[in-house]
Structures are given as C-alpha cells and as structure tokens.
Amino acid sequence: MTRAADILVVGAGMAGASLAAALAGKARVILLEAEDQPGYHSTGRSAAFWSESYGGPLIQPLTSASGLFLAAPPADFSDRPFLSRRGAIHLAGRGDRQALDDLAGQFATVPLERMGRAALEAAIPGLRPGWDFGLGEPSCADIDVAALHAAYLRQARRAGVELVTGARVEAAEREDGSWRVRTPAGDFEGDILVDAAGAWADDLARRCGETQIGIIPYRRTVAQLRVDPPAPSGLPLVIDAAENFYFKPEAGGRLWLSPHDETPSEPCDCAVEELDVAIAIDRLQKVVDWRIERVERRWAGLRSFAPDRLPVYGFSPSGRGFFWCAGQGGFGIQTAPAAADLAAALLLGGASAVDPAPYSAARFAI
Ligand SMILES: Cc1cc2nc3c(=O)[nH]c(=O)nc-3n(C[C@H](O)[C@H](O)[C@H](O)COP(=O)(O)OP(=O)(O)OC[C@H]3O[C@@H](n4cnc5c(N)ncnc54)[C@H](O)[C@@H]3O)c2cc1C
C-alpha cells in the first residue's frame, strides 16, 4: 500500500525534524528516515554550541533569530530553555591578530569585546605565553541538542506528522505532479519532496533526477579528555582565531576538544582518524599547560557545505516540487528554529523573520 501526504520530508535529523514540526498541522507530512534512530548522523555528533559569529555574517541572522526561541521556547514546546550561558573567547597570538580584527569588523549587532593578556589569563587558567590577544563573545551558549531534537519530533508527531524509520529513499519518480518514492519501509507519495538528507543531500537529489548542487560533506573530530587540573565548569568556549582548534568544558571537569578538521568525505557513518585526535592534543598542549590524563571518548561527524558555504532553502528551479533544506554545515543546530520557519514559509506561503534570498536554490541555476 502506498501512503500519501502533501509533503514528504526526507531525513529526520535536526533539519528535517524542525521543518516537519513547523509544517505540522498545516499540511499532511510524512517524515522518512533511513536509520532506525533519527539523529544518528550529524545531529547526534555536534559540539553543541550557539555562537552568533560562527559561520559568518550571512549565517548570523538565522542564528540570532533562533536564539530568541532557544532561550525562551513556548511552554507547550518545552518547559525549559535549550541554551545555557557559556561565553566564548576567540584567541590569537601576534601572527593571527588580523583574524581577530577581521572578525570584530564583520558584525554590527553581535557583542564582541577585546581582551588583553591579563583578562585572558583570568579566563583560561594555565594559558601559555604568546596568546596575548582575544575577542570575547559573552552571548555564546551551550545548546541541549538532544532535548531540542526530541522536542521537534514530539511536536511534529503530536500535530499528525508520521515518522517512518528504516525508510531510506532508494528511488523517486515524478509522475502526474506527484512524487512516488520507494523505501524498505514501503512506498510513499507526495506533491512535494523535501531534501533534508544532510550529507546525502546531493545523493538524494540524484536519486530524484535533480541537478546536484555540489554539497560536500567534511569530517570534523571531537575528543573528550580527562585533564589535570580538571577543566573549570565556567571555562568559556575557546576558539583559535586561525581555526586550528576549539575546546570547551564538559561535565565533571572533562574537556571537549576539536582540531577544527575539515576533511572531504563521502556521505557515510564516519569514524575518527586517530591522527586527528593526536593533532588536536598537540595543539591543545601549545595553548595551556594542562596534563592530558586520558582520552575518554572520541567521535567524528560530517558537516556538509554548498560551494558558497551558505545553506540552501528553497524549491529547485526544475519546477518538479523538489525542495532543498540542506548544506547546514557547522551551524545546523544553532540555526534550526529560524531556518525551519523560513523553509515552512517558502513551502506554504507566508512571511519569515529572516530574508530567504541569500539561501535560495536558484543561486546555483546555470
Ligand atoms: C563534530 C561536529 C560539531 C558540530 N558542532 C555544531 C555546533 O556546535 N553547533 C551547530 O549548530 N552545529 C554543529 N554542527 C553541525 C550540525 O551538527 C549539523 O549542521 C546538523 O546536525 C545537520 O542536520 P541535518 O538534519 O541536516 O543532518 P543529519 O543529522 O545528518 O540528518 C540527515 C538525516 O537524513 C537521513 N538520510 C540521508 N539520506 C536519506 C535517504 N535517502 N532517505 C531517508 N533518510 C535519509 C540520514 O540518515 C540522517 O539521519 C556540528 C557538526 C559536527 C559533525
């Protein structure tokens, strides 16, 4: 039996789940997820921070608009905020000072504060000599990613969205103004197909007979360390201005550390390369004098970017009812609420808080 809806959303990570929740009750929606667990891929592997400067000035409007929702969600969505204050420091030595100046000059509305050596030493105990320049970003916060994703899925289901797991879309055809898709969990039909397939966004487009955009997944590694002394719980997120590392504290004095790697990959269930963990530790040891006691956990996930590193929200110019919701790179969690509103407005008609023009799929039309 073929199950039918107005809109088939393919992929139930943060992008697909948040969009399904935004559409719920306004259209008949089926959410198709390849894995048994939604959130198994990039969404379950993030570093879980919200930073208005992250991703650049054209990502900032989506991040800032999302921050309002994440800090104070409606009571029927969540009884607690998804953000908790962390603060961030963009750190530089003399050679990378220009990178801090460039960052400071990009944002008119994001509070960024110059920090000198004394303020940096107070904020980052054990800071080694040479790291003399900083830009504080006090509004940076941690995000409770699992709770946010679960809340979106809950809201979607409550308003009638059907979530089908184990439903990898293997083939899709457009016939008589409708999509017909085949999955191991059955066949489905819908007027519109939304591509929220994360690292598989281009692969899904190909299966649908659409022109690919050139969305490339890149591997990013995170290691959870035990350090001595334990990482203070009030430590801010520390990001290297030259983009060679970032670290932030985790419960129990642990540290999350990334070498800021960006290795092109096939879409896959990606695994850690031990060399990336070793590089991360080497870089950390050049920043602080902490002893590394052990690596407790390590993981890697894919961050998928369009060629211009902006996300893609909008109908394909093909006119076949194929809608892109892809290319969320390293900011797909912190931008999810505003991006879902924007995509829902484009799908259903209506206004969104953020201008959709920079993210249009038409920018790739030849
Ligand atoms: C190490 C790391 C750190 C990060 N840190 C942050 C951070 O601090 N803040 C932030 O905002 N973002 C961060 N990100 C980025 C963020 O995780 C992603 O932008 C976001 O999770 C993307 O969500 P998604 O739903 O597009 O992708 P995914 O979560 O990967 O979901 C896509 C889903 O589509 C499914 N799928 C694929 N093909 C098919 C098909 N043919 N049929 C059915 N289903 C299919 C997959 O199974 C998958 O579940 C980080 C990412 C990584 C890897």
Side-chain angles (χ1 to χ4, degrees), residues 8-20 30-52 54-55 59 62-63 66-67 70 82 86 88 140-143 145 148-149 152 163-172 181-185 188 193-208 215 217-223 237 239 246 248 256-263 265 267-270 272 276 298-305 311-312 324-337 339-340:
L8 302 174
V9 178
V10 182
M14 192 60 84
S18 55
L19 178 54
I30 297 177
L31 181 55
L32 300 172
E33 169 54 49
E35 304 290 348
D36 295 335
Q37 279 299 320
Y40 176 74
H41 289 290
S42 302
T43 295
R45 307 180 191 205
S46 89
F49 60 78
W50 178 90
S51 156
E52 287 179 289
Y54 201 77
I59 301 302
L62 290 168
T63 307
S66 297
L70 294 169
F82 296 101
R86 163 73 42 217
C140 176
D142 290 335
I143 314 175
V145 179
L148 179 64
H149 188 228
Y152 277 130
L163 167 66
V164 187
T165 54
R168 180 178 301 280
V169 173
E170 290 164 344
V181 310
R182 274 202 314 278
T183 84
F188 300 86
L193 187 147
V194 174
D195 182 348
W200 288 265
D202 257 7
D203 174 74
L204 179 64
R206 183 181 53 78
R207 289 172 195 275
C208 293
I215 292 184
Y218 295 89
R219 190 178 68 240
R220 166 74 41 106
T221 306
V222 182
L237 168 71
I239 311 181
Y246 62 77
K248 70 175 204 176
W256 279 11
L257 169 70
S258 172
H260 216 285
D261 48 333
E262 200 164 286
T263 310
S265 167
C268 64
D269 182 0
C270 81
V272 166
D276 290 326
R298 73 260 291 156
W299 67 93
L302 296 174
R303 300 154 74 252
S304 300
F305 290 95
V312 194
W324 290 92
C325 177
Q328 287 85 354
F331 36 77
I333 312 293
Q334 63 175 34
T335 56

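Both counts, for ligands and for their atoms, begin at 1 and track the order of listing.
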Stacked cation flag R45 on Y40, 6.0 angstrom / 45 deg | yes

State the atoms of ligand 1, each with its element, that fall below the 4.0 Å cut-off from a heavy-atom position in R220.
-> 1 (C), 2 (C)

With only distance considered, is V10 within less than 3.5 Å of ligand 1 through an N or O on each side?
-> no

Would you say ligand 1 has an N or O under 3.5 Å from any N or O of G16?
-> no

Can you list the atoms of ligand 1 that are under 4.0 Å from a heavy atom of V222?
-> 1 (C)

Could you establish whether Y40 and ligand 1 come within less than 4.0 Å of each other, counting only heavy atoms on the residue side?
-> no

Can you find an N or O of L302 that's nearer than 3.5 Å to an N or O of ligand 1?
-> no

Check if P38 has a non-hydrogen atom at a distance under 4.0 Å from any atom of ligand 1.
-> no

Check for a donor-acceptor pair, side chain of R207 on one end and backbone N or O of E170 on the other, with a separation under 3.5 Å.
-> yes

Best match, A34, S46, A300, S304: closest heavy atom to atom 45 (C) of ligand 1 = A34

What is the closest protein heavy atom to atom 49 (O) of ligand 1, and at what distance does it sit?
-> E33 OE1, 2.8 Å

Examine ligand 1 and decide if any of its atoms is less than 4.0 Å from a heavy atom belonging to G330.
-> yes

Please confirm whether G329 comes within less than 3.5 Å of ligand 1 when only nitrogen or oxygen atoms on both sides are compared.
-> yes

When you look for heavy atoms under 4.0 Å from ligand 1, do you find them on the side chain of W200, its backbone, both, or neither?
-> side chain

Ligand 1 versus V169, non-hydrogen atoms closer than 4.0 Å: side chain, backbone, both, neither?
-> both

Aromatic rings H260 and Y54: how do their planes relate, parallel, tilted or perpendicular, breaks at 30° and 60°?
-> tilted

Consider every N or O of I333 and every N or O of ligand 1, then say whether any pair is closer than 3.5 Å.
-> yes

Which is it for S258 and ligand 1 at heavy atoms under 4.0 Å: side chain, backbone, both or neither?
-> neither

Does a side-chain N-to-carboxylate-O contact under 4.0 Å join R220 and E262?
-> yes

For ligand 1, which atoms have a heavy atom of L32 less than 4.0 angstrom away?
-> 43 (C), 44 (N)

Under 3.5 Å, N or O to N or O, is T43 touching ligand 1 that way?
-> yes

Short N or O distance, A48 and ligand 1, threshold 3.5 Å exclusive | yes

